[in-house]
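For reference, the structure discussed in these notes is given below.
A, B, ... follow the sequence lines: proteins, then strands. Residue 1 opens every chain.
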Amino acid sequence: MGDSGFDITRARPVPRRFYDRDPRRVARELLGKVLARKHGRQLVAGRIVEVEAYMGVSDPAAHSAVGPTARNMVLFGPPGYAYVYFIYGNHYCLNVSCMPPGDAGCVLFRALEPVAGISKMFVARGLPVPNGNVRTTELRQLSSGPGRLTQALGITRARDNGKDLTRFSDLTILDDGFHAGRVVITPRLGITKAADAKLRYLLAGNLFVSGPRI
DNA sequence: TTATAGATTGCCT
DNA sequence: GGCAATCTATAAT
């Protein structure tokens, strides 16, 4: 097993109280956890290496800034649930709700390091499945970016919005005891409002983050 | 390696 | 009607 390999024998769902906190704290501590998708018996999973915190109604960049709507209502519910939205006519993005009901903080998943079901990820992404040794440059195409990782895991709004991520189901966040290394904090990407707030968290030196490696 | 434009859907004003 | 928490192809350096 490599140093970032997934230890399924130790994996436990991250409990709801973990998410019932400030999104910045949740974001930092989600690094190193595993996002796991089950397609029947097949496991497709990636280690969380990059996330962003969104701070609820007080955060101009957050979808919750406009108050509760049909689209964002999961964010105003209890912590530990999936908020999936569709963006730019092409992509889905996955968040997990934080804070108690009424407070709309959340964490956006931006990049995963593939750890299980890698050939399924290539298929889901519409990429050729490599034969023989898989190069890191090929692996990076699978889930380095919020739209890429949802496509690799088959996450859609219709299927997954509102799903409880703290229960064993077909979409769960797991802790396998992995110890994350140094964390780097930068401004969030792809936004125009509150663009200078440093709320993006990534693992230092990890090859699978989106954008330039740090 | 960096820069730019185009795709394409649905939420919100 | 405007525009978005993105990705990809293509072009130029």
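Looking at the side chain of A:Tyr54, the nearest of the listed nucleotides C:dA5, B:dG10, B:dC12 is C:dA5. The listed nucleotides are B:dC11, B:dT8, C:dA4; the one nearest the side chain of A:Asn90 is B:dT8. Ranking C:dA4, B:dT13, C:dC7 by closeness to the A:His91 side chain, first place goes to C:dC7.
Judged by atom type and distance alone, A:Tyr85 does not reach the base of C:dA4 through any side-chain donor-acceptor pair under 3.5 Å.
Whole-Å rounding puts the A:Glu50 CD to C:dT6 C1' distance at 13 Å. The nearest whole Å value for the distance from the CZ atom in A:Arg125 to the C1' atom in C:dA9 is 14 Å. As rounded to whole Å, 14 Å separates atom C1' of C:dT6 from atom CZ of A:Arg200. Rounded to whole Å, the distance from CG on A:Asn161 to P on B:dC11 is 11 Å. Between the P atom of C:dC7 and the CG atom of A:Leu149 lies a distance of 8 Å, rounded to the nearest Å. The nearest whole Å value for the distance from the CZ atom in A:Phe86 to the C1' atom in B:dA7 is 11 Å. Rounded to whole Å, atom C1' of C:dA4 lies 14 Å from atom CZ of A:Arg188. Distance, A:Leu75 CG to B:dC12 P: 11 Å, rounded to whole Å.
Of the options A:Lys38, A:Arg37, A:Arg41, a salt bridge (Lys or Arg N to Asp or Glu O under 4.0 Å) to A:Asp170 is made by A:Arg37 and by none of the others. Among the candidates A:Ser210, A:Cys93, A:Ser143, the single residue satisfying the side-chain contact (heavy atoms from CB on, under 4.5 Å) test with A:Arg110 is A:Ser210. Checking each of A:Leu30, A:Leu189, A:Val184, A:Leu149 against A:Glu50 for a side-chain contact (heavy atoms from CB on, under 4.5 Å) leaves exactly one that passes, namely A:Leu189.
Of the two residues contacting DNA chain C, namely A:Thr192 and A:Pro146, the nearest-nucleotide position lying further toward the 5' end is that of A:Thr192. Each of A:Gly67 and A:Gly89 was assigned the nucleotide of DNA chain B with the nearest heavy atom; the assignment lying further toward the 5' end belongs to A:Gly89.
Both tests pass for A:Arg21 against the ring of A:Phe18: distance under 6.0 Å to the centre and angle within 45° of the axis. For the pair A:Arg47 and A:Phe208, the cation does not sit on the ring face, since its NZ or CZ is not both under 6.0 Å from the ring centre and inside 45° of the axis.
In this structure, A:His63 reaches the C:dA5 phosphate: one of its side-chain N or O atoms is under 4.0 Å from OP1 or OP2. Between A:Arg110 and C:dT6, a side-chain N or O to OP1/OP2 separation shorter than 4.0 Å is present. Close to C:dT8, at under 4.0 Å from its OP1 or OP2, lies a side-chain N or O of A:Arg148.
With A:Asp175 contributing its side chain and A:Val14 its backbone, the two residues share no donor-acceptor pair below 3.5 Å. Proximity of a side-chain donor or acceptor of A:Gln42 to a complementary backbone N or O of A:His39 within less than 3.5 Å is not detected. Looking only at distances, no side-chain donor or acceptor of A:Thr172 sits under 3.5 Å from a matching main-chain atom of A:Leu165.
Residue A:Arg157 is classed as having no contact, given no heavy-atom separation below 4.0 Å to the nucleic acid.
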Under a 3.5 Å cutoff on both atom distances, Watson-Crick or G-U, what's the dot-bracket for DNA chain C ([ ] crossing, | other strand)? ||||.|||||||.
